[in-house]
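Indexing begins at 1, ligand by ligand and atom by atom, following the structure's order.
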Amino acid sequence: MENTLGLEIIEVVEQAAIASSKWMGKGEKNIADQVAVEAMRERMNKIHMRGRIVIGEGERDEAPMLYIGEEVGICTRPDAANFCNVNELVEIDIAVDPCEGTNLVAYGQNGSMAVLAISEKGGLFAAPDFYMKKLAAPAAARGHVDINKSATENLKILSECLNRAVEELVVVVMDRPRHKELIQEIRTAGARVRLISDGDVSAAICCAFAGTNIHALMGIGAAPEGVISAAALRCLGGHFQGQLIYDPEVVQTGLIGESREGNLARLNEMGITDGDKVYNANELASGETVLFAGCGITPGTLMDGVRFFHGGARTQSLVISSQSKTARFVDTVHLWQEPKTIQLR
Ligand SMILES: O=C(COP(=O)(O)O)[C@@H](O)[C@H](O)[C@H](O)[C@H](O)COP(=O)(O)O
Ligand SMILES: [Mn+2]
Ligand SMILES: [Mn+2]
């Protein structure tokens with residue numbers, strides 16, 4: 001799967017990032033999102049594949065493009081037989097967030113990316129549009145930290161696994177009222193907190209890279225983003241656990257349905273009978289082959305944002321593969337005109 005898709009999915013996230021970054025700092029989050037969706041979909045539909053969106057822009061009929069269940073790729077077209085040997089192609093599932101951190105783009109802040117994860121059919125957990133309690137940490141702490149333990153206990157374990165004092169640990173937490181106590185607990189334990197307004201996918205992935213000075217992600221963010229983060233961390237061997245949150249009182253912000261009971265019933269309808277189950281990275285991204293791709297829209301810890309120059313743009317992407325066990329940082333110069341000289345720095 002990697003051989004045929006690797007380069008193409010880089011272009012998919014690059015195109016989404018370039019389109020969205022044109023709206024950077026313009027205060028128009030919906031447009032920054034919409035153009036990313038359109039660009040991602042257009043490039044995706046040029047790939048020789050039979051893809052299906054399992055995490056996308058919303059349920060069928062509610063979002064017109066990249067909606068859950070939408071089929072993408074040349075080989076899903078009615079006239080596919082003219083282009084592809086349909087029976088030979090592996091069916092793949094795709095989780096997308098064409099603009100992860102729409103507010104960050106709209107307000108010109110760091111940390112937004114165009115992201116996607118791919119696996120063979122059934123290889124990604126089709127997370128409902130709910131919230132998810134998340135715990136991400138470096139590979140050295142995988143299986144040692146535990147989402148069921150307190151933040152204080154996990155910080156002590158992290159400190160042992162990483163061989164650094166709790167005071168030397170940095171935990172990313174989304175700046176939300178629901179995390180007031182969590183933030184206090186982390187600070188009391190002695191660790192330092194980096195509060196982010198949006199963009200917890202980037203924070204989760206940073207945990208798996210030494211040198212980012214991010215050692216854990218704790219707290220509640222969106223469930224679909226949890227699956228995309230898990231896909232990357234599964235490939236990198238990092239720690240990721242996620243637990244769906246269905247109680248509106250716990251979340252305190254955002255739309256999550258009317259009641260705890262109603263949400264549990266909705267989960268049941270989707271076949272999720274244990275609403276409290278804790279999923280690890282291998283369960284959220286269980287496929288034999290998993291690929292993650294992300295491209296910076298605005299500058300971030302792992303990747304630079306899109307930089308325009310006269311007649312082109314430069315992007316930085318990250319492609320992670322479970323198959324080749326690689327994390328490739330890809331630096332691309334996109335030329336829209338005949339170049340005279342390519343400016344490297
Ligand atoms: O920041 C985020 C928003 O994603 P997007 O809508 O694609 O721009 C995500 O990283 C978060 O995981 C999540 O969506 C956020 O925590 C939602 O929670 P809230 O803002 O408190 O309702
Ligand atoms: Mn998002
Ligand atoms: Mn988004």
[X] versus ligand 1: do any nitrogen or oxygen atoms come within less than 3.5 Å of each other?
X: G199; value: yes
X: C99; value: yes
X: E225; value: yes
X: V201; value: no
X: R178; value: yes
X: G101; value: yes

*Have S286 and E283 got a donor and an acceptor in their side chains that come within less than 3.5 Å?*
no

*In terms of side-chain heavy atoms, does E100 have a donor or acceptor partner in S202 at a distance below 3.5 Å?*
no

*Closest non-hydrogen atom pair between A106 and E28, with its separation*: CB-N, 3.9 Å

*asked:* Please list, in number order, the atoms of ligand 1 under 4.0 Å from a heavy atom of D198.
replied: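 Matching atoms, with element in brackets: 1 (O), 2 (C), 3 (C).
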
*Quick one: the OE1 of E100, the Mn ion (ligand 2), OD2 of D97 angle, rounded to 10°, please.*
90°

*Counting heavy atoms not belonging to E42, are there more than 12 under 6.0 Å from its CD?*
no

*Which of these, E14, E38, E11, sits in a salt bridge (Lys or Arg N to Asp or Glu O under 4.0 Å) with R43?*
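In the set E14, E38, E11, the residue that makes a salt bridge (Lys or Arg N to Asp or Glu O under 4.0 Å) with R43 is E11.
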
*Out of curiosity, C161 SG to H215 NE2, how far, rounded to the nearest 0.5 Å?*
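Spacing of SG (C161) from NE2 (H215) equals 12.5 Å.
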
*Under 3.5 Å, is there a donor-acceptor pair between the side chain of T102 and the main chain of C99?*
no

*Which single N/O/S atom of E225 lies at minimum distance from the Mn ion (ligand 2)?*
OE2

*Anything under 30° is parallel, anything over 60° is perpendicular, the rest tilted; go ahead and classify F329 against F209.*
perpendicular

_Please work out, at 4.0 Å between heavy atoms, whether the side chain, the backbone, both, or neither of M174 comes within that distance of ligand 1._
side chain

_Location of contacts on D97 toward ligand 1, heavy atoms closer than 4.0 Å_ = side chain

